[in-house]
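See below for the structure under consideration.
Residue numbering restarts at 1 for every chain, and letters A, B, ... go by the order of the sequence lines. Just so it is clear, the structure is predicted and the values come from calculations on it, not from any experiment.
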There are 2 protein chains.
Amino acid sequence: MFRQDAILDLAFQALADPSRRAMVDRLIQGPATVSDLAKPLAMSLPGVMQHLAVLEASGLVVSEKVGRVRTCRIEPKVLSQAEHWIAERRALWERRLDRLGQFLDETKDD
Amino acid sequence: MFRQDAILDLAFQALADPSRRAMVDRLIQGPATVSDLAKPLAMSLPGVMQHLAVLEASGLVVSEKVGRVRTCRIEPKVLSQAEHWIAERRALWERRLDRLGQFLDETKDD
DNA sequence: ACAATACTAAAGCATCTACTTAAGTATTAT
DNA sequence: ATAATACTTAAGTAGATGCTTTAGTATTGT
């Protein structure tokens, strides 16, 4: 559907804001309404709605409205993709350090 | 020194741009000069410098100038912190799913 | 019916971001 | 000494971001 690159743009951008990370933190505990998410944040409800829109656009969160209540929950797939991008690079970095250490060991008797 | 929150703001913000992720990707292979980093990017050198400034401000990259050449390298600590933030939430999410599944199992004979 | 609740839409505004071009400053090569 | 290299600084700009306030619209409780 979307390029991995575009997914990561949106995911990391969404996670770059402390209010949005707080919302994710809350949703990790389980589903919550928009008002639930807004309660701990020092911000107007429309402000929270806009953060929610960013989280939904990134695919990190999905929501559904029943009656007058919108319930939000985490969609962990994108979270995994972001984690995986970083983990992969850390692994490459460490492999490179290993090779470097090995090389230094092998050549230390010159 | 800095609040974890502020570190994550800067780290995720830095990773939210594809040019900057490309620079990180390059630096994972090993140190590189500013020109090295600029080469694959369709962008002016000052543009690259600005991305580099964002990466350095986040602590993801450090650089040192020798003569007229600035050499950049990855500083993996912040990368780990970003990875850890996500991993922790994924773990919590999965533990919650487990508990939920267990609860459903235990009550399925009502 | 009427009020209260839970969002939602629209518009405004001060930054911030991601570039650009133009004009530097050191360093190194010839 | 001169020229080429490798950044660096400054200024400008279009568009995005993170709020706000005001004014809605459904839905639910009394």
Side chain to side chain, [X] and [Y], heavy atoms closer than 4.5 Å:
X       : Y       : answer
B:Ser63 : B:Glu56 : yes
A:Arg73 : A:Val61 : no
B:Met23 : B:Val48 : yes

Quick check on [N]: is either OP1 or OP2 less than 4.0 Å from any side-chain nitrogen or oxygen of [X]?
X       : N      : answer
A:Lys65 : D:dA26 : no
B:Thr33 : D:dC7  : yes
B:Gln13 : D:dT17 : no

Rounded distance in Å - [atom1] ([X]) to [atom2] ([N]):
X       : N      : atom1 : atom2 : result
A:Met49 : D:dT21 : CE    : C1'   : 16 Å
A:Gln50 : C:dC7  : CD    : C1'   : 13 Å
A:Phe12 : C:dT17 : CZ    : C1'   : 19 Å
A:Asp9  : C:dA18 : CG    : C1'   : 13 Å
A:Asp36 : C:dT5  : CG    : P     : 15 Å
B:His51 : D:dC7  : NE2   : P     : 17 Å
B:Asp17 : D:dT17 : CG    : C1'   : 15 Å
B:Met43 : D:dC7  : CE    : P     : 16 Å

From the list D:dT8, C:dC7, D:dT21, which nucleotide is the closest neighbour of the side chain of A:Leu45?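 Given the options D:dT8, C:dC7, D:dT21, the side chain of A:Leu45 is closest to C:dC7.
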Any idea which of D:dT20, D:dG18, C:dA18 is nearest the A:Arg20 side chain?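 The listed nucleotide nearest to A:Arg20's side chain is D:dG18.
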Over the length of the helix from C:dA1-D:dT30 to C:dT30-D:dA1, how much do the five-pair end axes diverge, rounded to 10 degrees?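 End axes: 20° apart.
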Hey, what's the ring geometry for A:Phe12 with B:Phe12, parallel, tilted or perpendicular (30° and 60° as the breaks)?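 It falls in the parallel class, under 30°.
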Could you tell me which non-hydrogen atom of [X] sits nearest to which non-hydrogen atom of [Y], and how far apart they are?
X       : Y       : value
B:Gln81 : B:Ile7  : OE1-CD1, 3.8 Å
B:Ala14 : B:Leu55 : CB-CD2, 4.1 Å
A:Glu83 : B:Ala87 : OE2-CB, 3.3 Å
A:Trp93 : B:Pro76 : NE1-CG, 3.5 Å

Counting any heavy atom closer than 4.0 Å, what does B:Ser35 reach on the DNA or RNA strands: base, sugar-phosphate only, or nothing?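 Touches sugar-phosphate only.
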Can you give one letter per nucleotide of nucleotides 22-30 of chain C, going 5' to 3': B for a protein heavy atom under 4.0 Å from the base, S for sugar-phosphate only, - for none? B----BS--
B:Ser58 versus B:Gln13, side-chain donor and acceptor atoms under 3.5 Å: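 There is no such pair between these side chains.
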